[in-house]
Amino acid sequence: MTENRFDPSNADGRWQRAWDAAGTFIADSDSDKPKSYILEMFPYPSGRIHMGHVRNYTMGDVLARYKKMQGCEVLHPMGWDAFGMPAENAAMEKKVHPGAWTRSNIEAMKEQLQRIGFALDWTREFATCDPEYYGHEQALFLDMYAGGLVYRRSSEVNWDPVDMTVLANEQVIDGKGWRSGAEVEKRKLDQWFLKITDFAEELLDGLGDLKHWPDKVRLMQENWIGKSSGLEFAFELSNGEKLPVYTTRSDTIFGASFCAIAADHPIAQGLTDDPAVAAFIEECKRGGTTAAELETADKLGFDTGITAKHPFTGEPMPVFIANFVLMDYGTGAVMGVPGHDQRDFEFATKYKLPIARVVASDPAQADAPMGGEAEPGDGVIVNSDFLDGKSVEDAKADVINRAEAGEWGKGTTVWRLRDWGISRQRYWGTPIPFIHCAKCDIVPVPKDQLPVTLPEDVDFETPGNPLERHPTWKHTTCPKCGGDAVRETDTLDTFTNSSWYFLRFASQPVDAPFDPVEVAKWMPVQHYIGGIEHAILHLLYARFWTRALSSIGKFDVKEPFAALFTQGMVTHETYHRDELLTPPADYVGDPANYAVRIWLSPDEVEFKDGKAFGKASGKPITVGRVVKMSKSKKNVVDPDNIIANYGADAVRWFMLSDSPPERDLPWSEAGIEGCYRFVQRLWRLFGQVDPSATGEDKALARKAHQAIVAVAEDIEALSFNKAVARIYELTGAAEKAAPSESRNFAIRAILHLIAPMMPHLAEEAHELLGESALIADAAWPDHDPAMLVEDEVTIAIQHKGKLRDTITAPKGAPKEDIEALALASEKVQRSIDGADIRKVIVVPDRLVNIVT
RNA sequence: GCGGGUGUGGCGGAAUGGUAGACGCCGGGGACUUAAAAUCCCCUGAUCCUAUAGAUCGUGUGGGUUCGAGUCCCACCACCCGCACCA
């Protein structure tokens, strides 16, 4: 019996050092065990580990430790996604170098991770801002360039006219620059692109093989890639030019009443001699570049005076320049069919263009008036000459056939997916390894000159790209002609860093990005875990890089992540009070609304009689909704404090308990206390193994065997909350049982079942039980299949669809016996009350339903 | 605007179309203690009630399929997430 308590402040560090000293979690790529690569999305070194990280890495850790117990050689690495804007923001605000800031964050966060006891192979750690890493990335980029997957073209960015700098979408707030407050404009710059569209078909088809990805993520990627088929054809214009357009609704061609072209369409650009056109195009440049902004903006158009000739009717239709047409999609021009497209409808309503019905629910409705909105649905074609009476699908095919026969158009496939713009006008990223020479144009940096490293001596005092302003860095000589030349000053999008890091974890030679033979030993990643916010971009880019590298012969891997799991966020209540301010003299609203909202952190709030008050002010506090932990709402709980108070295992257990892993997990103080109590409960139980105990406790032994199987299934399905519930049940049963051999078996089983989840407690108890080896190296307990089957089952008896009674019967009892037992029940007879029995449904071992 | 998701007691949630609420938290009552902490035991969806029993209602809303629906189908409501330069 142990009366003492489990002391995490002592045990945690001791076992972490023991694992470290033994090299327990160092992955051996030469091992002949089956390999298992467990990976969580690596963190951005923002400064501190937050609860979201803890949740993410705890899940991966349980899997990694479990796989090891199942006899796998496990690769479970960790590193740092270390390039990005926050480092530059810190440089501007705190006057520290982005590299220094990042390095010190990494150091602090690594220490935090180590305190949680994760089973990580730290020998493979790297940061993407290491010149070795980004140098290899530059080499891969040059290989892709050589493979024809990289090109340059002009593309729009958010431009801050006051700070004279490019803004990221998140730096645009209500259409204004976040620092300057100036109205943001769209501006065109020459930028680098990766040809992800070459892989659109492959990336789409490949989704079908990703059986262990969530359906929702595959669906989101499918919609993002957005394959559509339709008709491309050219209108003849009144000015003699041709206007190619693309439509998915060629069936509605007789309903077209105008054409619309993008503001940066060549035809629009050709009309800028007219000051009115130039002014309108200027107008279209206002506002940001996000899809949400573009699609919710008021529809604006400018009638060019040019007309387009309808290919069937020959009728002239006005050509507008319109802000809702995207140059990047299709041909940058559309035919407007207001009756059956909502955007066209709004546009036509605004500019008083005809709105014709060409699809109806049935031919008799051909002249039904249009309602207040477009009708994009299915139906029968009407008012359309030779198409009348056809279905939408038949009409599409007919129009495409006629266009192809008449050689004025053809059926085509169009993708919503656009090529990936990777140029960033920023310092803290991978320098793009190209040189601009006046004579030789654009020249790749020779591989023996890689890495192109970032200069250290930069300042962030003046706005713009520090690489551009640096006095010497960009000046170099042309590798081709030897003349004066300048380096590319754009850096790569940080998503490129996270598009191949999993390969570098698997294999890290000095002279190459990776060794294909080593990579093949580990890839694909068996379980990849991270946030749902990465469902599209990061995951699509990583899939693309893998296929692109494969296509240029770097290795033979098609899909990087065999199974994907997207975990929910860690949330917390919010606390705030609204402080009234004195409104300025010209304020017209209700003075009661002129207030500033002050957010309080959980430790600034105290509760009295169920009401919240500010600790410092004593003022009443409003308890707000439960939302993702964020600095701005101050509802953040620091893992360090929690670990100091309760130990790593209680926190890990909390992360796995209660909420299903794909859903949000609300943090609560009461919850972590409950977990801590359970840690101590287990500690007491582990101390109760009694070597002198004899005898069998069949019911308990059966529960233990069942739990060994069920917990394994739950962990493999990542249903940690269910595994936790089963362990609670078995623990309760073991506590209540009298000493016996079976009880000793059950307690040892529990010890092994919790080992992946609460490894420090498990090691400590394992040692207490006289074991000299690490439980981290132990095997998952065996079970006896004969012990999984129950001999008796409880059968529910329903009448009129409601439960009336339950009976106990031997498992597998014949239907007739069960029916007889059910009808013999007094409660059932009372419910039936003499009514005629029409039917009795018997589900063996489950239930009887009596229908009267 | 487009795309995706979620909705079950006071709270987190469980439930191959088959006993709704497992398990945990909170709360209530009790035991132990000089006292407290810790620990242990019991109760804990709502309503009715003639109360150790029994009945009715109950899984966001409204319909439907079925002997039987939290689960399947249709329509709707609310909230959350993503939208290409945040990571």
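Within every chain, numbering begins at 1; the chains are lettered A, B, ... in the order of the sequence lines, protein sequences first and strands thereafter.
Phosphate contact (OP1/OP2 of B:rC83, side-chain N/O of A:N169, threshold under 4.0 Å): absent. Considering only side-chain N and O atoms, A:T290 lies nowhere under 4.0 angstrom from the phosphate OP1 or OP2 of B:rC83. Distances shorter than 4.0 Å separate none of the side-chain N or O atoms of A:R418 from OP1 or OP2 on B:rA84. Phosphate contact (OP1/OP2 of B:rA55, side-chain N/O of A:K802, threshold under 4.0 Å): absent. Contact check, A:R663 against B:rG7: a side-chain N or O comes under 4.0 Å of OP1 or OP2. At B:rG54, one or more side-chain N or O atoms of A:K827 fall inside 4.0 Å of OP1 or OP2 (strictly under the cut-off). For B:rC26, one of the phosphate oxygens OP1 or OP2 lies less than 4.0 angstrom from a side-chain nitrogen or oxygen of A:R677. A sub-4.0 Å separation between OP1 or OP2 of B:rA15 and a side-chain N or O of A:K722 is present.
Between A:Y728 and A:W653, the angle of the ring planes goes over 60°, which puts this pair in the perpendicular group of the 30/60° scheme. Between A:H538 and A:Y528, the ring-plane angle classifies as tilted under the 30° and 60° cut-offs.
In this entry the distance linking CG of A:N721 with P of B:rA14 reads 5 Å, nearest Å. Atom CG in A:N223 sits about 15 Å away from atom C1' in B:rC81, given to the nearest Å. Computed from coordinates, the A:L665 CG to B:rC23 P distance equals 20 Å when rounded to whole Å.
For the pair A:F83 and A:T128, the tightest heavy-atom approach, listed with the atom from each and the gap, is CE1-O, 3.4 Å.
An anti orientation is assigned to B:rG10, its glycosidic angle lying beyond 90° of 0.
Looking at heavy-atom distances under 4.0 Å, A:I841 makes contact with a base. Nucleic acid contact class of A:V166 (heavy atoms, under 4.0 Å, all strands): base. Heavy atoms of A:R830 sit under 4.0 angstrom from primed sugar atoms or phosphate atoms, though from no base atom. Among the atoms of the strands shown, none is found under 4.0 Å from any heavy atom of A:S668.
Toward the 5′ end of RNA chain B lies the nearest nucleotide of A:Q798, the other residue of the pair A:R681 and A:Q798 mapping further downstream. Residues A:P43 and A:K800 each lie close to RNA chain B; by heavy-atom proximity, the contact nearer the 5' end of the strand is made by A:K800.
A donor-acceptor contact under 3.5 angstrom links the side-chain atoms of A:Q425 to the base of B:rC85. Residue side chain A:Q191 reaches the base of B:rC85 through a donor-acceptor N/O pair under 3.5 Å, judged by distance alone.
Taking the ring centroids of A:Y501 and A:Y133, they lie at or beyond the 6.0 Å cut-off.
Between the side chain of A:R153 and the backbone N or O of A:F193 there is no donor-acceptor pair closer than 3.5 Å.
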